[in-house]
Amino acid sequence: MINGVPVNDMENGWVYWSNWDGVGDATSSIQVQRGLSAVNLATPSIGGTMNIITDPTAQKAGIIYKDEIGIGNFHKRTVFANTGLVDDKFALTIGGVRKTGEGQVSAAWTDAWAYYLGASYQINKTNRLELYATGAPQRHGQRRWKLNAANFSHELAKDLGYDDEVFEDSRFADQGLLYNANWSGIPSSYQGNQYWDGVQRRRHNPAFMNESENYYHKPIVNLNWYAQFTDKVSLFTTLYYSGGVGGGTGYFGSMGWNYDLRQRVIDYDATIDRNVANVDTMASGRIVSSSRGILRNSVNKQWTVGLLSKALYEMNENLSFSFGLDWRTAEVEHFREVRDLLGGDVFYFDENEFESGDEYYKGLGDRIDYNNTNDIN
C-alpha cells in the first residue's frame with residue numbers, strides 16, 4: 001500500500017514497482033505488519049502488509065536536488081520542494097524525477113519520468129485531510145527470451161559441461177553477458193511512425209528498433225480523512241482513484257528473420273522490403289501495400305475507484321473493536337493493436353468478429369487478435 005491505498009494489481013495481485021518510481025524519493029517511513037493479526041492498517045492480508053508513507057508534515061522546509069550517474073549512461077535527476085509544517089496546520093511537498101540511460105544490457109534503455117504531490121491540512125484538533133498524487137510515465141527496452149548459455153559465455157558453458165563441438169558451432173558464438181537478441185538495426189531511411197498510448201510517435205532510436213519494449217503510466221490519487229470523534233472513537237477513510245494504460249510490444253504475422261545465431265532476430269530490412277512489395281487491392285478498390293509482418297502492442301488499460309474506511313472503538317484498556325469497509329471497482333481492458341506497419345500501408349486481419357470488407361485492413365492503433373474487458377468488484 002502507498003499512503004493507505006492498495007497498489008496490487010486487481011487481477012493477479014502483482015505489484016509493478018516501476019509504476020511508483022518517484023515514491024522512493026518521497027518516503028518518510030514504511031510500516032510492515034505480517035499475517036492475519038490485529039491489523040492496524042485498513043487492508044489485512046494473509047501474508048502480510050506493507051504501507052509506504054510519504055508524510056509531507058515529516059519533511060523539513062527547503063528544496064532538495066539530487067543528481068545521480070552510473071554505467072550505461074544512466075542519469076537520474078531528482079528535485080523536491082517542501083514547505084514543512086506551517087503554523088502546525090499545513091504542509092506541502094512536490095517533486096519530480098527524470099531518469100534516462102542506454103542500459104548495461106544492449107538496447108535495454110530507459111526513458112522515464114516521475115512526479116509526486118503530497119499535502120496535509122489539520123482542520124482542527126480532531127480532523128485532518130491529506131491529498132496525494134503520484135505517477136511515473138516510463139518506457140524501457142527489454143531482454144526477454146531464453147538463450148543458449150554458450151551465446152553469452154563459452155567459459156560459463158564449459159563450467160556447465162558443454163561438449164566441445166558446441167564451441168565450434170558459429171551459431172553459438174560467444175556474444176558476452178550483455179548480449180540481447182530482442183533488438184536489431186534498422187535503416188535510418190525508414191521513417192514510419194509507431195503508435196502507442198493513443199498517439200503516433202517516432203521510434204526511440206533512429207538506428208535500431210526493439211522487438212520487446214515496455215511502457216506504462218498508472219497514476220494514483222487519494223484523499224485521506226482522519227477523525228478522532230472522542231477519546232475512544234476514531235475513523236480513518238481513504239477515497240482513491242488509480243488508472244493507466246500501457247503494455248509490451250512484440251511481432252505479429254510473418255517476419256523476416258536473421259538466423260546467423262541459433263536464436264531468431266528480426267531482419268527489419270527484409271521485413272520492410274517484403275511488406276512494401278506485397279501489393280493488395282481492398283474491397284473499395286484502393287491499392288495498398290499490405291504488411292505481412294508488423295509490430296504490435298499488447299495493452300493493459302484500466303481504472304480503479306476504491307473506498308477504505310476503518311473505525312476503532314476502545315471500550316477499555318483491555319478490549320477494543322474495529323469495523324471496516326474495503327470497496328473497490330475496476331474495469332480492465334486487454335487488447336492488441338497495430339504498433340508499427342513496417343513499411344506497409346495496412347495490415348490484413350480477418351479474425352475479428354462482426355467485420356467485413358475494408359474493415360479487415362488495419363491501420364496504426366487498430367485492434368487485432370484479442371479484445372477483452374474485465375469488470376472487477
Side-chain angles (χ1 to χ4, degrees), residues 1-24 26-27 29-55 114-120 127-138 197 215-227 234-248 298-313 321-335 370-377:
M1 307 201 311
I2 298 177
N3 296 314
V5 176
V7 295
N8 298 72
D9 188 277
M10 284 282 283
E11 293 179 303
N12 55 30
W14 296 353
V15 176
Y16 301 88
W17 286 109
S18 59
N19 290 337
W20 326 110
D21 197 27
V23 169
T27 299
S29 63
I30 299 178
Q31 301 172 345
V32 178
Q33 189 155 353
R34 63 177 186 176
L36 286 171
S37 56
V39 179
N40 291 323
L41 302 174
T43 305
S45 63
I46 294 175
T49 307
M50 178 171 66
N51 190 24
I52 300 172
I53 305 297
T54 62
D55 183 4
Y115 55 88
Y116 168 83
L117 178 145
S120 175
N127 290 274
R128 185 173 82 252
L129 292 177
E130 295 177 347
L131 176 66
Y132 296 99
T134 186
Q138 49 92 11
D197 201 8
Y215 63 98
Y216 217 87
H217 179 208
K218 187 183 179 183
I220 186 169
V221 180
N222 61 292
L223 178 67
N224 297 350
W225 173 38
Y226 298 87
S234 59
L235 178 70
F236 165 52
T237 301
T238 297
L239 177 66
Y240 65 92
Y241 163 84
S242 180
V245 60
S298 295
V299 183
N300 179 302
K301 183 178 182 181
Q302 59 178 276
W303 58 262
T304 301
V305 175
L307 176 69
L308 291 165
S309 188
K310 185 172 183 178
L312 182 66
Y313 172 57
F321 294 94
S322 62
F323 310 88
L325 170 69
D326 176 2
W327 169 83
R328 308 174 217 178
T329 183
E331 181 180 273
V332 186
E333 294 183 65
H334 296 281
F335 57 90
Y370 60 81
N371 185 12
N372 309 314
T373 301
N374 292 339
D375 292 308
I376 306 166
N377 292 283

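Considering all non-hydrogen atoms of both residues, Val7 and Trp20 come closest at CB-CZ2, 3.8 Å. Considering every non-hydrogen atom in both Trp303 and Thr329, the closest pair reads CZ3-O, 3.8 Å. The nearest pair of heavy atoms linking His217 to Ala136 is CD2-N, 3.9 Å. Asn8 approaches Gly13 most closely through the heavy-atom pair ND2-O, 2.8 Å. What you find for Gly22 and Ala114 is that their closest heavy atoms are N-CB, 3.6 Å. Of all the heavy atoms in Gly4 and Leu308, the pair that sits closest is O-CD1, 3.1 Å.
A donor-acceptor pair is defined here as one N or O able to donate and one able to accept, closer than 3.5 Å; no such pair exists between the side chain of Asn222 and the backbone of Tyr240. Under a 3.5 Å cut-off, the side chain of Thr134 and the backbone N or O of Tyr115 do form a donor-acceptor pair.
How far OG1 of Thr49 is from CE of Met1: 6.0 Å, rounded to the nearest 0.5 Å. The structure places CG of Asn51 at 5.0 Å from CD of Gln31, a figure rounded to the nearest 0.5 Å. Here NZ of Lys301 is found 6.0 Å from CZ of Phe335. Values are rounded to the nearest 0.5 Å.
Put simply, the side chain of Thr304 reaches to within 4.5 Å of the side chain of Met10, judged on heavy atoms. You'll find the side chain of Ser234 stays beyond 4.5 Å of the side chain of Tyr226, heavy atoms only. Proximity of Arg328 to Asp326: side-chain heavy atoms (C-beta onward) are separated by under 4.5 Å at one or more points. Taking the side chain as every heavy atom from C-beta outward, Glu331 and Thr373 approach each other to under 4.5 Å.
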* Take Val299 and Glu333, measure what side-chain contact (heavy atoms from CB on, under 4.5 Å) needs, and give me the verdict at the end. => CA-CA 8 Å; Val299 183; Glu333 294 183 65; over 6 Å; no

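Exactly one of Asn3, Ile2, Val5 qualifies for a side chain to side chain contact (heavy atoms under 4.5 Å, CB included) with Ile220. That residue is Val5.
Side-chain N/O atoms of Asn300 and Tyr216 include a donor and acceptor closer than 3.5 Å. Remark: the Thr54 side chain and the Tyr116 side chain contain an N/O donor-acceptor pair separated by less than 3.5 Å. Side-chain contact check for Asn372 and Asn374: no donor-acceptor pair (N or O, by modelled atom type) lies under 3.5 Å.
Few gaps surround CH2 on Trp327; more than 12 heavy atoms of other groups in view lie less than 6.0 Å from it.
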